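In what follows, a single structure is set out as structure tokens and then discussed.
Here is the naming used below: chain letters follow the sequence lines, and residue numbers restart at 1 for every chain. Since this is a predicted model, take the numbers as computed values, not measurements.
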Amino acid sequence: MFTLSRNLYRWIKRRREKRIRILLLGVDNAGKTTLLHALKEEDPELVTPTWGFNTEETKMREFIVTFFDLGGGENIRGIWTNYYAEVHGAIYVVDSADKQKIEAATSTFIQCMEDERLKKKPVLVLSNKQDLEGALDAVRLSETLGLTNLEDTRFHVTTCTAKTQIGSAVDSNIKKGIQWLLDAIKTNYNEIECKIEVEMAEQKEREKIEREEKRKRVEKLREERRRKAEE
Amino acid sequence: MGLLSLLRKLKKNDRQMRILLLGLDNAGKTTILKRLSEEDINHIMPTQGFNVKSLVHDGFKLNVWDIGGQKTIRPYWRNYFDQTDALIYVIDSADRRRLEETGMELAELLDEEKLSAVPLLVFANKQDLLNAVSAKEIAEGLNLHSIRDRQWQIQACSAKNGEGLNNGMEWIVKAIK
Ligand SMILES: Nc1nc2c(ncn2[C@@H]2O[C@H](COP(=O)(O)OP(=O)(O)OP(=O)(O)O)[C@@H](O)[C@H]2O)c(=O)[nH]1
Ligand SMILES: Nc1nc2c(ncn2[C@@H]2O[C@H](COP(=O)(O)OP(=O)(O)OP(=O)(O)O)[C@@H](O)[C@H]2O)c(=O)[nH]1
Ligand SMILES: [Mg+2]
Ligand SMILES: [Mg+2]
């Protein structure tokens, strides 16, 4: 009985505070981890290149938001797809002052946005590092990324400077951008939730099969080793 | 810096960091620890119990526990889980055959309540060997992408020539700061 009422309480609570997940994407050096530190008001100097995964949970409006920050280096980007199914939206960060990397940033953007699991989910695009010379404005970056269809409400492009001095406030463009993202998620919440549920179930099923196959392979290997040791 | 992170920093500063160094036998844990404390890395024998060393990195005192990885010793790993600030898991990147086995050991560690939310650094060691598997393949082989409850980082390294070790330790210090 006690567990029942506790579960009920949890269920009600969960219905009230919506939990959402947002994925940070962008090639290496774009400023994803810096952005996460800015949102937490943490020291931007503590950032090193990510060869893995950081996560942060914060309350924003009626949401409990979990951010997933992934490594953007060429050799680690391959892990991104594993996170697409479960997120409600994404933030794509671009170092808009880096002429050499803009091509990679563009092709990577196009590739992720074509993935079925990210379709119909809102994406905030940040033209980052506006403090540097040659940084692209929102219109130029939209053109570069091929986001010229003004009807498309799935994307929102804005400029920002993620790296701030210790103690100073987060760039207001970032705040506004995230407000847009939360609004877009809110508007499409039910649809996105349904999509996540279906695609997560598929992913779990796939992972279960893989895990079972792996377990069998390891068993076999151990068995072989045991036999060899006995000989 | 926000007040919260400042408080966190102050709180942690007066504490020593406890770091666990785990991985299968022959992965190179002891060699890494000796290399980090600038000791001779020749004539290292398989560890029967454990070694512990205090390293100072970036003003932090890191107490690193290196525990033997042989199959018969692995059940004792759990005796060392209390109060862990970070977990370093070492892989022999040239041992392709045991990649999935080491992945299963790691998965069990990550399920341990006492290690929940503890940051994970994976040292993809022995990168100096020709047949070493890349860091990306190791991340996949170990299923690191299924982790959601903690931050993780994979660092290619070689205890033999020292490459990558400092980068990894720098990440650890930043992760627990
Ligand atoms: N000038 C300037 N530098 C920035 C800005 N944002 C980030 N940086 C710097 O860009 C570098 C890369 O930032 P990160 O946050 O590590 O980039 P990342 O996207 O997480 O990179 P990976 O983890 O490798 O994928 C760091 O040196 C940051 O200080 C910005 O707005 N302006
Ligand atoms: N080529 C190469 N060999 C290494 C490297 N690191 C360790 N080794 C060798 O790998 C073997 C095992 O190293 P150890 O440090 O004893 O491994 P361990 O993980 O402590 O093993 P256990 O104590 O049995 O758990 C030794 O022969 C080391 O010289 C490396 O980076 N490159
Ligand atoms: Mg990063
Ligand atoms: Mg040893």
Legend entry - Interface moiety of B:Arg148 toward chain A, non-hydrogen atoms closer than 4.5 Å: both

Inset, instruction - Tell me, yes or no, whether the heavy-atom count around A:Glu197 atom CD, taken from other residues, nucleotides or ligands under 6.0 Å, exceeds 12. - result: no

Inset, instruction - Among B:Glu137, B:Gln153, B:Lys71, B:Glu170, single out the residue with the greatest number of heavy-atom pairs under 4.5 Å to chain A. - result: B:Gln153

Legend entry - Exceeds 12 heavy-atom contacts within 6.0 angstrom, atom CD of B:Glu38: no

Inset, instruction - Calculate, to the nearest 0.5 Å, the distance between atoms CD and CD1 belonging to B:Glu140 and A:Ile76 respectively. - result: 8.5 Å

Legend entry - Value rounded to 0.5 Å, distance of CZ in A:Phe53 from CG in B:Asp149: 8.0 Å

Inset, instruction - Check whether A:Arg222 gets within reach of chain B through its side chain, its backbone, both or neither, counting any heavy atom under 4.5 Å. - result: side chain

Legend entry - Neighbour count >12 (heavy atoms, 6.0 Å) for atom OH, A:Tyr189: yes

Legend entry - Residue-level contacts of residues 108-122 of chain A with chain B, using a heavy-atom cutoff under 4.5 Å: none

Legend entry - Minimum heavy-atom distance between B:Trp152 and A:Trp51, given as atom pair plus value: CZ3-O, 3.6 Å

Inset, instruction - Check the surroundings of atom NZ in B:Lys174: do more than 12 heavy atoms from other residues, nucleotides or ligands lie under 6.0 Å from it? - result: yes

Inset, instruction - Count the heavy atoms of every other residue, nucleotide or ligand shown that sit under 6.0 Å from NZ of A:Lys101, and state whether that count exceeds 12. - result: yes

Inset, instruction - Quick one: do B:Arg97 and A:Arg225 satisfy side chain to side chain contact (heavy atoms under 4.5 Å, CB included)? Show the steps, please. - result: CA-CA 11 Å; B:Arg97 278 176 68 83; A:Arg225 217 177 308 132; over 6 Å; no

Legend entry - Interface residues of residues 63-75 of chain A facing chain B - heavy atom cut-off under 4.5 Å: A:Phe68, A:Asn75

Legend entry - chain B contacts, top residue of A:Glu86, A:Glu57, A:Glu210 (heavy-atom pairs, under 4.5 Å): A:Glu86

Inset, instruction - Give, for atom CD of B:Glu100 and atom CD of A:Glu219, the distance between the pair rounded to the nearest 0.5 Å. - result: 12.5 Å

Legend entry - Over 12 foreign heavy atoms within 6.0 Å of CD, B:Glu112: yes

Inset, instruction - Could you tell me the separation between the CD atom of B:Gln151 and the CG atom of A:Leu36, rounded to the nearest 0.5 Å? - result: 9.5 Å

Legend entry - Residue selection (most heavy-atom pairs with chain A, distance under 4.5 Å) from B:Gln155, B:Arg98, B:His145, B:Met104: B:His145

Legend entry - CH2 on B:Trp171 to OG1 on A:Thr50, rounded to 0.5 Å: 9.5 Å

Inset, instruction - Look at atom CZ of B:Arg78 and say whether more than 12 heavy atoms of other residues, nucleotides or ligands are closer to it than 6.0 Å. - result: no

Inset, instruction - Count the heavy atoms belonging to other residues, nucleotides or ligands that lie under 6.0 Å from CD of A:Glu224, then report whether that count exceeds 12. - result: yes

Inset, instruction - To the nearest 0.5 Å, tell me how far B:Leu144 CG sits from A:Asn82 CG. - result: 10.5 Å

